[in-house]
Structures are given as structure tokens and as C-alpha cells.
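Have a look at the structure below before the remarks.
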Amino acid sequence: MRPRDDDSSLAERAPSKRDVIGVDVGINSLATCSDGTTYANVKAYKQAQKRLTRYQRHVNKKEPGLLRNATQTKNRAKAVKKLASSHKKVADIRADTLHKLTTWASFKPQHHSN
């Protein structure tokens, strides 16, 4: 039977020895670590720019609703949905890349140079 953990035993435990690394998230580069390692920014928007421009042009060509507060036409709604999903893909690519980098940095400290 193992001993029960209470507050006093938790306070007495020594913290596990791990390498500490700082990460600066930037605009020009995705991240710069405190050890000098830089990670390139994902060019998701630049890659999708032609597609986004085309979808936006399709939305602009569609007929808006009859009245200012009326619902939009079905074809316009479909075009808006297509444009929104394309924007979401770009956002998801950025979030996924950042998530992969931070997960890698937090669980694999042996990859960093000392």
C-alpha cells in the first residue's frame, strides 16, 4: 500500500529537473526560443490568397437580400459559407503549427541545444 499524498508531502517534494526554455512568438518568425533557435512562419495566407480572392469576388457578385435587414439569397449564403470555410482553413493551419511547436518544445527538452 502506498502512502497517501497530503499537502505537506506535496510541498516537500523537489521539483523535477527539466530544462527551461523561453519562447517568443513573433510576426516575422513563428517563434524564437531563448537558446537562439528560430522557427519559420507558416505562409498559409499567402498560399491561399488566390483562392480567397476568387471566393470573395464570387460573394460580391451575388445578389444581396431585397431589404437591408432581409436574409441573403441562398446562392450568396453558399458563397459566403465557402469563403468562411477557406478563411477557417488558414486559421486552422496557423493554430496547428503553433500547437505542434509548443507541444514539441514542452515535451521534448532534449531537442534543444544547451
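All figures in this text were calculated on a predicted structure; none of them were measured in a lab. Index from 1, following the sequence.
- Taking both residues in full, the closest heavy atoms of Thr73 and Pro64 are given as CG2-O, 4.0 Å, listed atom of the first, atom of the second, then distance.
- Looking only at side-chain heavy atoms (C-beta outward), Arg76 and Val80 come within less than 4.5 Å of each other.
- Contact of the Thr32 side chain with the Thr37 side chain is not registered, since no non-hydrogen atoms from C-beta on lie closer than 4.5 Å.
- Considering CZ of Arg57 and CG of Leu52, their distance stands at 11.5 Å, rounded to 0.5 Å.
- The side-chain heavy atoms of Asn41 and Asn28, taken from C-beta on, include no pair separated by under 4.5 Å.
- Between the CG atom in Asp92 and the NE2 atom in His99 there is a gap of 12.5 Å [rounded to 0.5 Å].
- Put simply, the side chain of Arg94 reaches to within 4.5 Å of the side chain of Tyr45, judged on heavy atoms.
- Val90 and Leu83 fall within a single hydrophobic cluster, where Ile, Leu, Val, Met, Phe, Trp and Tyr side chains are chained together by heavy-atom contacts under 4.5 Å.
- Under the 3.5 Å distance criterion, the side-chain polar atoms of Ser29 are left unmatched by any main-chain donor or acceptor of Thr38.
- Side chain of Ser85 to main chain of Lys82: a donor-acceptor pair is present (N/O by atom type, distance under 3.5 Å, no hydrogens or angles).
- A single hydrophobic cluster is seen to contain both Tyr39 and Leu98, as judged by linkage of ILVMFWY side chains at heavy-atom distances under 4.5 Å, directly or through other members.
- In this structure, Lys78 and Asn75 have side chains that are in contact, with non-hydrogen atoms separated by less than 4.5 Å.
- Within a 6.0 Å sphere centred on CG of Asn60, other residues, nucleotides and ligands contribute more than 12 heavy atoms.
- Here the CD-OG distance, from Gln49 to Ser86, works out to 11.5 Å after rounding to the nearest 0.5 Å.
- The NZ atom of Lys88 sits 11.0 Å away from the CD1 atom of Ile93 when rounded to the nearest 0.5 Å.
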